[in-house]
Structures are given as C-alpha cells and as structure tokens.
J.: 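Let me begin by handing over the structure; questions about it come next.
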Amino acid sequence: MGKTAFVFPGQGSQRVGMGLHLLEQRPDLLDTYYRTADEILGLPLSRLCWEGPEEMLRDTSVTQPAVFLTSMATLDVLREQGIEPDLVAGHSLGEYTALVSAGVLDWTDALRLVRRRGELMAGVNAEVPGRMAAVIGLDLAGVEALCARAAAETGQIVEVANDNEPGQAVVSGQDSAVERVCSDARDAGAVRAVVLEVGAPFHSSLMAGIEEEFAAELAKTELRAPRVPVVSGVTADLVGSADDIRGCLRRQLAGRVRWTGAVRTLTAAGAGRFVEVGPGNVLSGLCRRIAPDVPVNTTNDARRLARTIALAGHEPARPGAAA
C-alpha cells in the first residue's frame with residue numbers, strides 16, 4: 001500500500017452544515033474544538049459552520065478559520081482511531097492544518113493565524129477589487145501566455161494563482177483582466193473558463209502588500225521542525241525547518257499554489273494512499289487525476305469517513321470513547 005498522505009483542503013471547500021457528522025460520532029469535539037475556537041476568536045464560528053448563513057460563511061475572514069476548524073476536528077477523529085499520516089500537504093489555507101498534523105504548530109496558534117490571514121486578504125479586496133477564475137482544458141504555459149496578453153491589453157494585473165492539475169489552472173487578478181483571460185481562453189479552446197465565488201484575488205501580486213504585516217504575526221508564533229515530512233504548496237518540495245516553513249507561509253500569500261508538483265512530490269516520497277481530511281472533495285478529484293494509480297479516500301460525510309476508517313483496518317470507536 002505504501003505510505004499514507006493526508007491532504008488538507010483550502011477555501012472553496014466550505015459548505016453550511018460541515019462538521020455535523022463529526023459531532024454525531026464524537027460529541028466531545030464540541031468542547032475540545034468548537035467552543036474553544038468561538039472563545040478564542042470572539043466569533044460564533046461553530047454556528048456559522050453548522051447553520052450559516054452561506055453568504056457569511058463565504059466571507060474570507062470567516063471561511064478560512066471555518067474550513068481549518070472542520071479539518072482539525074476531522075483530523076482528531078482519525079487520530080482517535082489510530083490513523084496517522086506518513087506525509088502531509090495542504091492546498092493554500094490547508095497547509096496550516098497540515099502543519100498542525102505534523103507537529104509544527106499548535107492548533108490554537110494556527111487558528112489565530114488563519115483568522116488574521118483571512119482578514120488581511122479580505123482587506124486587499126476592499127481596496128483593489130479582484131477575482132479568480134478556473135481555466136480547464138489548456139496547458140499551464142498556454143494560460144500563462146493568456147495572462148500576459150490580458151495584462152498588457154488591459155493594464156491590469158492577472159496571474160496564474162493555482163497550478164491545480166495538468167489542464168486546470170486558476171488565474172487571479174483585477175476584474176477586467178480576469179474576464180479577458182476567460183474570454184480568450186474560450187476562444188483558445190478551453191473546455192471551461194469560469195469565474196469563481198471567492199472573496200479576493202488570492203495568490204497574486206496584489207497580495208504582496210500584506211506580506212510584511214502577516215510576517216509579523218508569524219514571527220510571534222512558535223513553529224517547530226515537523227515530525228513527519230511536509231510538502232509545501234509554494235515550492236512543491238519537502239520543507240524541513242521551522243524557518244523555511246515560516247518563509248513559505250509568508251510567500252504563500254502572493255505566491256502560486258503548485259498543487260500538481262506537490263502531489264507528484266508526495267508520490268515520489270512513497271505515498272500509496274491519499275486521505276483528504278476536512279470538508280469537500282476537491283483535492284480528492286485533483287489527486288486522482290494527477291496520480292491515477294494512487295487510491296484516494298475522503299472524510300466529508302459520515303459514510304465516507306467510516307469507509308476511510310474501515311479501509312485503514314480500524315472499526316469506528318464508540319462516540320466519545322478514548323482511542
């Protein structure tokens with residue numbers, strides 16, 4: 001089977017009601033994570049996860065801690081069953097949960113960081129409105145060329161933000177330039193080019209202005225060397241020291257997410273199974289297409305979580321029972 005790689009989702013995987021299946025199995029998570037997170041942030045994050053409204057859950061400053069919190073609770077359920085990763089990686093925001101799972105960050109510190117990260121990113125969009133769009137069916141070089149042409153013609157910023165899989169890239173930038181890329185991509189034969197419902201032009205140079213302020217938050221936070229190998233989404237390489245990880249988290253704000261490369265690094269390091277830990281199944285689909293020979297499990301509802309636990313050779317424990 002090889003090694004088990006945990007992969008953690010980022011923004012875009014949120015949905016109203018996420019995490020409720022975890023509480024049905026483990027009521028103790030309410031005090032351990034949800035009420036603690038509400039108290040730390042001074043925000044009814046638990047209620048927003050479970051009840052919405054959807055519009056508020058899409059607010060970047062809420063989405064990021066909400067997805068992180070759901071992933072943390074899911075990780076705890078897996079750990080209670082004795083399921084631990086041999087390798088970890090996270091897509092953008094998901095990198096913070098990956099770092100907690102690897103022992104680099106305490107979960108409460110990571111929660112504060114992702115809340116601040118979301119606030120800063122949302123602030124950028126208030127000053128320089130932007131958007132992101134997925135382009136499917138063109139190679140990366142082709143999308144990069146479309147971005148360069150749209151930027152030259154509109155005088156606005158648009159860049160490749162995510163290399164998600166071969167044939168799928170996400171672009172990020174100012175409104176008119178992103179719309180131009182979408183139009184040109186369709187003319188160039190893209191299967192799809194669609195604007196995404198996200199709260200800001202993430203992973204573009206428009207985010208560079210918040211790097212210094214966020215770096216100050218990172219400087220106040222204790223980071224440790226990872227206990228299990230971590231693949232950075234910024235470099236698509238293994239990262240081994242606390243200082244290197246701190247640098248990657250800073251660069252991540254305006255840097256490209258190199259998910260195709262990250263998954264290939266995980267498989268080269270021996271990953272024989274991927275487990276997507278948290279809400280949604282976006283990463284599961286990407287992993288299947290990047291590494292079609294490697295099985296993938298998800299955890300985003302009770303049935304899939306139980307199957308993941310069973311495939312790992314464990315029977316689900318009684319709700320609230322100690323591991």
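Atom set for the values below is all heavy atoms of this structure, side chains included, hydrogens, waters and symmetry mates excluded.
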J.: If we ignore hydrogens and angles and just use 3.5 Å, is the side chain of Q25 paired with the main-chain N or O of L23 as donor and acceptor?
T.: no
J.: Using the six-membered ring wherever Trp is involved, compare the ring planes of W50 and Y34 and label them parallel, tilted or perpendicular (cut-offs 30° and 60°).
T.: tilted
J.: Do the side chains of T60 and Q64 get nearer than 4.5 Å, heavy atoms only?
T.: yes
J.: Quick one: does Q174's side chain have a donor or acceptor within less than 3.5 Å of a partner on Q156's backbone?
T.: no
J.: For residues R227 and S101, report the shortest heavy-atom separation together with the two atoms involved.
T.: NH2-O, 4.5 Å
J.: Pairing donors with acceptors under 3.5 angstrom, does anything connect the side chains of Q252 and R117?
T.: yes
J.: Keeping R26 on the side-chain end and H21 on the backbone end, is there a donor-acceptor pair under 3.5 Å?
T.: no
J.: Are V198 and L48 linked, directly or through intermediate hydrophobic residues, by side-chain heavy-atom contacts shorter than 4.5 Å (ILVMFWY only)?
T.: yes
J.: Does a donor on one side chain sit under 3.5 Å from an acceptor on the other, for N297 and R304?
T.: no
J.: Set out, in order, the CA-CA distance, both residues' side-chain angles and the distance that settles salt bridge (charged side-chain N to carboxylate O under 4.0 Å, His left out) for R256 and E159, then state yes or no.
T.: CA-CA 9 Å; R256 182 180 300 183; E159 299 157 356; over 6 Å; no
J.: Could you tell me which non-hydrogen atom of C287 sits nearest to which non-hydrogen atom of V7, and how far apart they are?
T.: SG-CG2, 4.5 Å
J.: Between the side chains of D109 and T221, is a donor N or O closer than 3.5 angstrom to an acceptor N or O?
T.: no
J.: Could you tell me if S284 and E276 have a donor-acceptor pair between their side chains, going purely by distance under 3.5 Å?
T.: yes
J.: Nearest heavy-atom pair of A262 and S232: which atoms, and what distance?
T.: CB-O, 4.5 Å
J.: Does the distance from a Lys or Arg side-chain N to an Asp or Glu carboxylate O, for R58 and E55, drop under 4.0 Å?
T.: no
J.: Restricting to non-hydrogen atoms, name the atom on S205 and the atom on I157 that form the minimum distance, rounded to 0.1 Å.
T.: OG-CG2, 3.7 Å
J.: Taking salt bridge (charged side-chain N to carboxylate O under 4.0 Å, His left out) as the test, write out the residues that go with D175, two or more places apart.
T.: R131
J.: Find out if a path of hydrophobic residues (ILVMFWY) with successive side-chain heavy-atom gaps under 4.5 Å connects V195 to V128.
T.: no
J.: Which atoms form the tightest heavy-atom contact between F202 and S172, and what is the distance?
T.: O-OG, 2.8 Å
J.: Is the closest side-chain donor-acceptor distance between T298 and N281 under 3.5 Å?
T.: no
J.: Check the side chains of N164 and H91 for a donor-acceptor pair under 3.5 angstrom, ignoring hydrogens and angles.
T.: yes
J.: For the backbone of A169 and the side chain of N162, can you confirm whether one donor and one acceptor N or O come within less than 3.5 Å of each other?
T.: no
J.: Assess whether salt bridge (charged side-chain N to carboxylate O under 4.0 Å, His left out) is satisfied between R224 and D106, documenting all intermediate values.
T.: CA-CA 9 Å; R224 299 172 290 270; D106 292 333; 2.9 Å; yes
